[in-house]
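Reading through the structure tokens given below for one structure.
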Amino acid sequence: MEKIIFATHNKGKIIEMRAILSGLPIEIIDAEEAGVKEEPVEDGETFEANALIKAGYVATLTGEWSAADDSGICIDALGGKPGVHSARWAGEGVDLAEFTLSALEGVPEARRTGCFVSSAVLVSPTGEHWTFTGEIKGRIADALAGEAHPKLPYDRIFIPEGYDVTFAEMSMEEKNGLSHRGRAFRELREWLEAYLRKNS
């Protein structure tokens, strides 16, 4: 294994993944760099299912190892929404963080709880796959704070448990040490380290 294609066109996610997997003798490239322009329809009912759809699509097209994640925010006062629809529940052109704040208008701080969930899936060229999951609890802020990385809008309103600042107000290193995606990909990193030792 010399290369993993990360099945995303989201530059914010690829920056996070490269940081978490840095130091491994594996090249990390995104779907566009691999020549994959199209994206499959993410119609799974779970984060894991959507991640598998994306990684499987790229692995099938390229014949290479591929990884993908599907992440979202689940807000208790909204019955777990937006969940797997986190990227698209507000409609085209709508700021997701602002839309979420408006949906929570009038909800007291004690009930503004929720969690970020991430499922990362690694798919081999032969179609085998492995799943790694991360979750972090927290609360939803009353107002936008900080500057989010591209296509990571909820970072401006999510305050992780035990902190008083949003993800968007943290450095990338600090966020990666805490975040749902960071936890999922650290599990992936441990798997890769074991795989490389076994196959060296």
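Numbers here are sequence positions counted from 1.
- Two different hydrophobic clusters hold W65 and Y57 under the rule that ILVMFWY side chains link at heavy-atom gaps under 4.5 Å.
- In terms of heavy atoms, G63 sits closest to P125 at O-CB, 3.4 Å.
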Exercise. Apply salt bridge (Lys or Arg N to Asp or Glu O under 4.0 Å) to E193 and R189, showing your working.
Key: CA-CA 6 Å; E193 288 172 341; R189 183 190 176 101; 3.0 Å; yes
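- Tested against K3, the residues E64, E33, E27 include a single salt bridge (charged side-chain N to carboxylate O under 4.0 Å, His left out) partner, E64.
- The closest side-chain heavy-atom distance from T131 to L52 is not below 4.5 Å.
- The line from CZ of F47 to OG1 of T133 is 10.5 Å long, rounded to the nearest 0.5 Å.
- Y195 has its ring centre no less than 6.0 Å from the ring centre of W130.
- The shortest heavy-atom contact between A67 and L122 is CB-CD1, 4.2 Å.
- Remark: T62 OG1 to I29 CD1 distance equals 8.0 Å, nearest 0.5 Å.
- Residues P82 and F99 fail the side-chain proximity criterion, which asks for heavy atoms closer than 4.5 Å.
- Heavy-atom minimum distance, T166 versus A141: CG2-CB, 4.5 Å.
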Self-check item: Derivation and outcome, side-chain contact (heavy atoms from CB on, under 4.5 Å), residues V36 and I5
Solution: CA-CA 10 Å; V36 179; I5 302 169; 5.8 Å; no
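- Note that CG of L21 is 11.5 Å distant from CD of E16, once rounded to the nearest 0.5 Å.
- No side-chain N or O of S102 forms a donor-acceptor pair with one of E105 less than 3.5 Å apart.
- Under a hydrophobic-cluster definition in which Ile, Leu, Val, Met, Phe, Trp and Tyr are linked whenever side-chain heavy atoms come within less than 4.5 Å, directly or via other members, L192 and I14 are assigned to the same cluster.
- Remark: K11 NZ is packed, more than 12 non-hydrogen atoms of other residues, nucleotides or ligands lying under 6.0 Å away.
- Cluster membership check: L104 shares its hydrophobic cluster with I73, using side-chain heavy-atom separations under 4.5 Å among Ile, Leu, Val, Met, Phe, Trp and Tyr.
- A chain of hydrophobic side-chain contacts below 4.5 Å, direct or via other Ile, Leu, Val, Met, Phe, Trp or Tyr residues, connects I28 to L196.
- Aromatic ring orientation, F185 versus F6: perpendicular (interplanar angle above 60°, classes split at 30° and 60°).
- Residues E187 and R183 are not paired through a salt bridge, judged by the lack of any N-O separation under 4.0 Å between the basic side chain and the carboxylate.
- Interatomic distance, R111 CZ to I75 CD1, rounded to the nearest 0.5 Å: 12.0 Å.
- The side-chain heavy atoms of I136 and F158, taken from C-beta on, include a pair separated by under 4.5 Å.
- The side-chain heavy atoms of V107 and I140, taken from C-beta on, include no pair separated by under 4.5 Å.
- The side-chain heavy atoms of T8 and K54, taken from C-beta on, include no pair separated by under 4.5 Å.
- A heavy-atom distance below 4.5 Å is not found between the side chains of F132 and D69.
- In this structure, L152 CG and N10 CG are separated by 5.5 Å, a value rounded to the nearest 0.5 Å.
- Looking at L61 and E38, their side chains never come closer than 4.5 Å, going by heavy atoms from C-beta outward.
- Taken together through direct or relayed side-chain contacts under 4.5 Å among Ile, Leu, Val, Met, Phe, Trp and Tyr, I4 and L188 form part of one hydrophobic cluster.
- Looking at K13 and D30, no side-chain N of the basic residue comes within less than 4.0 Å of a carboxylate O on the acidic one, giving no salt bridge.
- Residue L96 comes nearest to S86 through the heavy atom pair CD1-O, 3.5 Å, listed as atom of the first residue, atom of the second, then distance.
- The distance from the OG atom of S179 to the CD1 atom of I20 is 5.5 Å, given to the nearest 0.5 Å.
- The shortest heavy-atom contact between S118 and H180 is CB-CD2, 3.5 Å.
- At a threshold of 4.5 Å between non-hydrogen side-chain atoms, the residues D142 and R112 count as touching.
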Practice problem: Please test E48 against V121 for side-chain contact (heavy atoms from CB on, under 4.5 Å), starting from the C-alpha separation and ending with a verdict. | Solution: CA-CA 7 Å; E48 179 182 2; V121 172; 4.3 Å; yes
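- The heavy-atom pair separating F167 from P160 by the smallest distance is CE2-CG, 3.8 Å.
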